[in-house]
Amino acid sequence: MKKTIFLLFTFWAFAVSFTVNADPAYYLIGQFNEWDQNATVPFVLQDDGSFVLTQTFSGLFKVKNENGDWLGGQANNQDGNQCVLTYDNPSADLIDGANFFIVGSDAEYTLTIANGVLTVMGLPEHAYYLYGKQFSNWGEPIAFTELKDGSFTLTRTISGLFKVVNEKGNWYGGNTEDGSDYWLTSENPSVTLSTSGSNLFFNGGAACYTLTIADGVLTATGFGTPPRPHDPKAEDWIDYGWFEYEDPETGEIKGFGGGYFQFSIVTENKNHLQPVADDWTYKKEDNEEYYSLLDPNKVTYSIFTDYDKLLTFMPEDFTTTMYDGDGNPIVVCDIPEPTTEIPFNFLGESHSFFEYGDIFFETKKFSNEVEGQEPFFKYRIGIQVHYTVDGVKSSSNIVYLYPFDEYPEIPVLKGDVNFDGKVDVTDVNILVNIILGKDSADKYDGRAYITEGDTNVDVSDVNEEVNILLGKTSK
């Protein structure tokens, strides 16, 4: 007889809690990405278990891990609030600590994390950086250049307050008895750098100084040297040609036309017609602008045509007949005497169409489109800006405009050493001065080497030049 046996199984439910750890990961965050947590840069896991990242940046930063922890280092700077990484101290334990800091301008560094230690490679052995108020609001440091003798040098336009910072993040100024700013002047151009010193200070407008640091002493030269103006932007040459007509009342033949050169020698946003220095630093922060300003009253410009020919502005080119309320003629002369430089603030009154320095030549000799007349220029037109302070002048490069559908190359005549479109006694004299050591062939882009296959200037070059001048040798 079969028996049926029922077995009762009782199941118990167990609640189990598991903690799953994410794989280790590290991310770079800092001033370089404005501390944006959505723009962190990941380290790359290596076969040996370390993490590596190569990044171009500088300033304050931290490391985030896979758990979202912000990791820094033990503070070691003079203020006790940063962990400064240097050539001599490139590593730090990753802890819940202070921000890391790399002093100076942006550069490429390789960061490695291994066994909880961050190491940065590529840090300079010794370095100095310039920080200033007026030109960068204590931001955007400018690096000094180390020379072979171990000194450091920097040349740029500076004004107002500044300090020097080394690769360790130490800020250097000058000690004064009352703790006021330390003034550098032509009578007192040097200062012993001190971490307890006050801000260094250049009085007056922006000037082009050379700063040299040697044996802990900073020396400035260039007092009164005006900064080089920013290269202008050549935008257009508009030629109206020359148009003549008969006055219906008097029968007098009158003309109008000419051309104008459109250019800009102001800031990037053309703010208040303000010209700037060549090494200008532009930064917009909280609606403030920082750059090396030039005094508009000390700025002039010159115009050049083919073969670097400097244009002379004549009074008759800027003379206008105007009329008073009674119809009486009034002759207005904007330029009282011949000059090769026009003031920046000169807008030409009736001769100017635009407010940003464009100048209109109301004369047919400044036109390429007058029948039977040689064109004003055949190849190019250029502009150069000058800045003159106390009789000392500095100048920008000549910026050329080629306003043609095709860009014709300016022909270079053999023997035209000074590149003025002709061979004459001036070219012979240049060669003689080079031989005598009073001039240099390097200034003439190879045009001083007259004889074929010869890179020395000697008597044979002079003889060949004379033959070209006399027409005995083909040019």
Side-chain angles (χ1 to χ4, degrees), residues 30-32 56-61 76-90 99-109 120-176 181-185 188-202 206-223 225 227 277-281 283 290 292:
Q31 286 182 319
F32 72 95
T56 298
F57 74 114
S58 64
L60 298 170
F61 70 96
N76 60 2
N77 66 324
Q78 62 191 50
D79 293 330
N81 57 3
Q82 297 168 356
C83 180
V84 182
L85 297 170
T86 67
Y87 179 86
D88 297 322
N89 184 37
N99 290 326
F100 292 112
F101 186 55
I102 295 178
V103 184
S105 307
D106 287 353
E108 184 178 271
Y109 302 104
V120 178
M121 301 300 293
L123 295 165
E125 183 172 0
H126 300 292
Y128 286 100
Y129 305 90
L130 180 71
Y131 285 78
K133 177 175 175 57
Q134 273 76 358
F135 60 83
S136 65
N137 198 33
W138 303 111
E140 301 181 15
I142 304 166
F144 282 71
T145 299
E146 186 174 9
L147 303 179
K148 291 182 179 180
D149 62 1
S151 64
F152 292 80
T153 185
L154 168 66
T155 299
R156 72 153 285 138
T157 300
I158 309 172
S159 65
L161 301 172
F162 70 98
K163 271 194 169 182
V164 173
V165 183
N166 70 359
E167 80 284 356
K168 298 180 180 179
N170 297 320
W171 289 69
Y172 293 96
N175 290 322
T176 57
D181 298 329
Y182 190 103
W183 286 42
L184 291 166
T185 65
N188 181 42
S190 299
V191 57
T192 299
L193 294 174
S194 169
T195 56
S196 61
S198 302
N199 291 324
L200 304 175
F201 182 71
F202 283 125
C208 186
Y209 298 97
T210 295
L211 305 179
T212 302
I213 299 175
D215 298 324
V217 176
L218 180 143
T219 301
T221 58
F223 292 92
T225 303
D278 180 61
D279 57 2
W280 61 299
T281 300
K283 179 180 181 182
Y290 309 101
S292 300

Going by the rule ring-ring contact (aromatic ring centres under 6.0 Å, His included), which residues pair with Tyr172 if we only count those two or more places apart in sequence or in a different chain? none
What's the separation between atom NZ in Lys163 and atom CG in Leu218, rounded to the nearest 0.5 Å? 13.0 Å
Gap separating the CD1 atom of Ile213 from the CG atom of Leu147, nearest 0.5 angstrom: 11.0 Å
Partners meeting side-chain hydrogen bond (donor to acceptor under 3.5 Å, both in side chains) with Ser159 (sequence neighbours left out): none
Set of residues satisfying ring-ring contact (aromatic ring centres under 6.0 Å, His included) with respect to Tyr182, sequence neighbours excluded: none
For Thr225, all residues meeting side-chain hydrogen bond (donor to acceptor under 3.5 Å, both in side chains), sequence neighbours excluded: none
Could you tell me if the side chain of Thr155 sits less than 4.5 Å from the side chain of Cys208, heavy atoms only? yes
Considering all heavy atoms of both residues, which atom of Thr176 and which atom of Ser198 are nearest to each other, and what is their separation? OG1-OG, 4.0 Å
Of all heavy-atom pairs between Tyr109 and Val103, which one has the smallest distance, and what is that distance? OH-O, 4.5 Å
Applying ring-ring contact (aromatic ring centres under 6.0 Å, His included), name anything that partners Trp183, two or more places apart in sequence or on another chain. Phe201
Residues at least two apart in sequence or cross-chain that pass side-chain hydrogen bond (donor to acceptor under 3.5 Å, both in side chains) with Asp181, listed by chain then number, are none
Any side-chain heavy-atom pair from Ser58 and Asp106 closer than 4.5 angstrom? yes
A side-chain contact here means heavy atoms from C-beta on lying under 4.5 Å apart; do Asn199 and Trp138 qualify? yes
Gap between atom CG of Asn77 and atom CZ of Phe101 - 0.5 Å precision: 9.0 Å
Could you go through the side chain to side chain contact (heavy atoms under 4.5 Å, CB included) check for Leu211 and Ile158 one step at a time? CA-CA 10 Å; Leu211 305 179; Ile158 309 172; 3.7 Å; yes
Just how far is it from atom CG of Asp215 to atom CG of Leu193, taken to the nearest 0.5 Å? 11.0 Å
Which residues share a side-chain contact (heavy atoms from CB on, under 4.5 Å) with Glu108, sequence neighbours left out: Thr54, Thr56
Rounded to the nearest 0.5 Å, what separation is found between the CG atom of Leu123 and the OH atom of Tyr87? 10.0 Å
What are the two closest non-hydrogen atoms of Glu125 and Glu167, and how far apart are they? O-OE2, 3.6 Å
Listed partners of Asn99 passing side-chain contact (heavy atoms from CB on, under 4.5 Å), at least two apart: Trp35, Leu60, Lys62
Going by the rule ring-ring contact (aromatic ring centres under 6.0 Å, His included), which residues pair with Phe152 if we only count those two or more places apart in sequence or in a different chain? Tyr128
Can you give me the closest heavy-atom contact between Gly173 and Leu200, atom names plus distance? C-CD2, 3.8 Å
Give the minimum heavy-atom separation between Asn175 and Ser194, together with the two atoms involved. ND2-OG, 3.2 Å
Please list, chain by chain and in numerical order, all residues satisfying side-chain contact (heavy atoms from CB on, under 4.5 Å) with Asp88, sequence neighbours excluded. Thr86, Lys168
Run the side-chain contact (heavy atoms from CB on, under 4.5 Å) test against Asn76 and tell me which residues pass, sequence neighbours left out. Cys83, Val84, Asn89
Test: side chain to side chain donor-acceptor pair (under 3.5 Å). Region: residues 141-154. Which pairs qualify, not counting sequence neighbours? Asp149-Ser151
Grab the two heavy atoms, one from Gly174 and one from Val191, that are nearest each other, plus how far apart they are. CA-CG2, 3.6 Å
Is the shortest heavy-atom distance from the side chain of Leu154 to the side chain of Tyr129 under 4.5 Å? no
Separation between CZ of Phe202 and OG1 of Thr185, rounded to the nearest 0.5 Å: 9.5 Å
